Amino acid sequence: MISERLRERFGDRIANALAQRLESGEAPVIEPREFAAALGGSHSPREAADFLEAAAAEGLLAPVDVHWCPKLLHRLDEDDLDNGRCAACGVIFSETGEEPVPGRIYSVAGELSRDIDWLIVVHGFNTRGWWQEEFSWRIANKLRYSAPTLIYKYGLIRLGVLFGFRHRQLARHLGLRIRQAVAQAREQGRGERPNAVIHSFGSKLFITLLDLPEFRDLRFGRVIAAGSVVPPDYDWSRRIAQARVEAVMNHCGGRDLAVPFAHFTIPGTGPSGRHGFSDPATINILDPDYGHSSCFSPEALALNLGKDGVWDRFLRRPLDRFSDPRLLSPDSVQWRPRRISSVLSRATIMILLIALALAGALMVVTCAGELLRHLGLG
C-alpha cells in the first residue's frame with residue numbers, strides 16, 4: 001500500500017503511521033500538524049506536509065485547500081472568510097491586520113469502511129458446526145448494531161460426499177434457505193448481499209450453489225473461506241465480474257492435513273485450504289500452524305474477529321488498502337488437478353465400499369441360514 005519510494009524518501013516510521021491510519025478506516029481527514037504531533041516529534045509539520053503531499057501524488061490521499069485562522073488554531077469555513085472573522089476565537093482580521101493563512105489538509109481517497117449487514121456461515125460435513133455459535137456470538141458483540149447471522153446446518157452426510165448429484169441436492173437446499181433469508185432481510189430493510197463464511201465441505205456446497213442456474217439471483221458480499229476444499233484454480237474473477245460475490249479471502253492452514261486428500265476422494269474439490277487460490281482477484285492468508293479447523297477455535301475467532309483482526313479488516317475495510325504480513329501471493333500457488341489419479345482413487349473407494357456391502361450382505365444371509373437350520377426350518 002505504501003510504496004517503497006515513499007519509505008526510502010521519508011522513512012518507515014511516518015510511512016507506517018499513514019498505513020495504520022488508512023487501514024483503520026477511522027481517519028477521513030489528516031492535518032499535517034496533527035499528524036506530526038502524533039509521531040512524537042520525530043517529524044516536523046513541514047516534513048509531515050511534504051510526506052502527505054507525496055502520498056497524495058500517488059493517489060493514497062486527496063489534497064483539500066483550506067484557510068486557517070492567523071493564530072493557526074482553527075480552520076476557517078466559508079462563512080468565516082466572508083465575514084472576515086474567526087468564529088472560533090473571535091479574531092477580526094481587519095482589526096489585527098492579519099490575513100487567513102492558506103494551507104492544505106488531506107482526505108482519505110475512496111471508501112473508508114463498510115457495514116457488516118448480515119452473514120451466513122456453512123460448516124463442513126460430519127460436524128455440527130460448533131464454531132458457528134461462537135462466531136455468531138462474537139459478531140453480535142463486536143458490532144454497535146445488529147448483524148444477524150444465518151447458521152446453516154445440513155446435517156451429517158457420509159457416503160453422499162462421494163457423489164456430485166448429492167452435492168447439487170444439498171446446494172439446492174442451501175440456496176432455498178438463503179433465498180428465504182434474503183427475503184426476510186429485505187423486509188427488515190437490510191441489504192440483499194450477505195457476507196459468507198464457508199468451511200471445508202461447506203465451501204464446495206457454496207461454489208456448487210454459484211454454478212446452479214436456478215440460483216443466479218443470489219449475490220453475496222465478502223466471502224471468507226477456511227479449510228477450503230474448492231480447487232485452487234477456481235475462477236473467482238468470473239464470479240466477481242458477474243457481481244455474484246464482492247471479494248474472497250482464503251485463510252489457509254499450513255498444517256491442514258484434511259484438504260490435500262479432498263481432490264482424491266470428493267469430486268470437484270481441491271486443496272485450496274492448504275495451497276491457496278491462484279486467482280489474482282483473491283486474498284490468501286497463510287497461517288503455518290493452523291490445522292483444518294484452527295480458525296474456529298475460541299482463541300482464533302477472538303483474534304481474527306477482534307479489532308484489527310484479519311477477518312475484521314477484510315469484512316469492514318476497503319480492499320485496496322488491505323494488507324497483512326501473512327499474505328500469500330496467488331502467483332506462488334502451484335497446483336495441477338490430478339484427474340486420472342483422483343478418478344482411480346474414488347473408483348477404488350467405491351469398489352471397497354461395494355465389496356464391504358456385499359460382504360455384509362453375505363454375512364447376513366449366512367447368519368440367517370444358520371439360524372434357520374438351528375431352528376430346524378432350513
Side-chain angles (χ1 to χ4, degrees), residues 120-132 152-175 177-178 196-212 215 220 223-236 238-239 245 248 250-279 282 284 290-296 333-357:
I120 64 168
V121 289
V122 189
H123 62 77
F125 71 89
N126 289 350
T127 173
R128 294 297 182 186
W130 56 267
W131 55 268
Q132 292 170 312
Y152 181 75
K153 296 179 180 291
Y154 51 82
L156 299 178
I157 61 172
R158 291 179 173 85
L159 297 181
V161 299
L162 301 175
F163 303 99
F165 76 88
R166 181 60 171 150
H167 299 179
R168 292 186 291 274
Q169 184 182 59
L170 291 168
R172 287 188 176 93
H173 292 163
L174 173 61
R177 182 64 186 94
I178 294 175
V197 177
I198 51 180
H199 174 234
S200 193
F201 185 65
S203 64
K204 175 60 171 71
L205 290 188
F206 186 79
I207 64 168
T208 302
L209 174 63
L210 293 178
D211 292 338
L212 293 174
F215 291 102
F220 301 88
V223 177
I224 297 174
S228 170
V229 296
V230 176
D233 59 357
Y234 185 79
D235 190 359
W236 287 107
R238 180 165 65 98
R239 295 307 183 197
V245 299
V248 178
N250 182 31
H251 204 146
C252 307
R255 296 185 178 179
D256 191 331
L257 303 180
V259 296
F261 300 102
H263 184 56
F264 299 100
T265 54
I266 304 174
T269 64
S272 55
R274 180 76 172 267
H275 297 283
F277 289 122
S278 59
D279 192 318
T282 61
N284 294 304
Y290 271 17
H292 188 54
S293 300
S294 296
C295 284
F296 304 111
V333 177
Q334 303 294 327
W335 179 81
R336 289 185 179 182
R338 295 178 173 86
R339 293 184 175 88
I340 295 177
S341 36
S342 62
V343 169
L344 289 175
S345 64
R346 285 195 290 272
T348 301
I349 291 172
M350 292 302 300
I351 291 171
L352 289 174
L353 291 174
I354 292 171
L356 288 173

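In this text, all values refer to a predicted model and were calculated from it rather than measured experimentally.
The backbone N or O of F277 sits less than 3.5 Å from a side-chain atom of N284, completing a donor-acceptor pair. Between the side chain of S228 and the backbone N or O of V230, at least one donor-acceptor pair lies under 3.5 Å. N250 places no side-chain N or O within 3.5 Å of a backbone atom of I224 that could act as its donor or acceptor partner.
Looking only at side-chain heavy atoms (C-beta outward), I198 and V223 come within less than 4.5 Å of each other. Y234 has its side chain within reach of I207: a pair of non-hydrogen atoms, C-beta onward, lies under 4.5 Å apart.
Rounding to the nearest 0.5 Å gives a distance of 10.0 Å between CZ of R168 and CG of D211. In this structure, H251 NE2 and S294 OG are separated by 9.0 Å, a value rounded to the nearest 0.5 Å.
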Test side chain to side chain contact (heavy atoms under 4.5 Å, CB included) on L209 and F220; report intermediate values, then the result.
CA-CA 12 Å; L209 174 63; F220 301 88; 4.1 Å; yes
Assess the residue pair V121 and F296 against the criterion (side chain to side chain contact (heavy atoms under 4.5 Å, CB included)); give the C-alpha distance rounded to whole Å, side-chain angles, the decisive distance to 0.1 Å, and a yes or no.
CA-CA 12 Å; V121 289; F296 304 111; over 6 Å; no
Step-by-step side chain to side chain contact (heavy atoms under 4.5 Å, CB included) determination, R274 to C252:
CA-CA 5 Å; R274 180 76 172 267; C252 307; over 6 Å; no
Please assess F215 against L174 for the test side chain to side chain contact (heavy atoms under 4.5 Å, CB included), listing each intermediate value before the final yes or no.
CA-CA 10 Å; F215 291 102; L174 173 61; over 6 Å; no
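Nearest approach of I266 to T269, heavy atoms of both residues: O-OG1, 2.7 Å. Counting all heavy atoms, side chain and backbone alike, H167 lies closest to L205 at O-CD2, 3.7 Å. When all heavy atoms are compared, the tightest approach of V248 to V245 is CG2-CG2, 4.2 Å. Pairing each heavy atom of H199 with each of H292, the nearest pair is NE2-O, 3.3 Å. Minimum heavy-atom separation, C295 to A226: SG-CB, 4.1 Å. The shortest non-hydrogen separation linking S203 to V229 is OG-N, 3.1 Å.
Ion pair D279/R239 not flagged as a salt bridge, since none of the NZ, NE, NH1 or NH2 atoms sits closer than 4.0 Å to an Asp/Glu carboxylate oxygen.
With sequence neighbours excluded, the residues satisfying side chain to side chain contact (heavy atoms under 4.5 Å, CB included) with S278 are D233, V333.
Of the N and O atoms on the side chains of Q169 and R172, not one donor lies less than 3.5 Å from an acceptor on the other residue.
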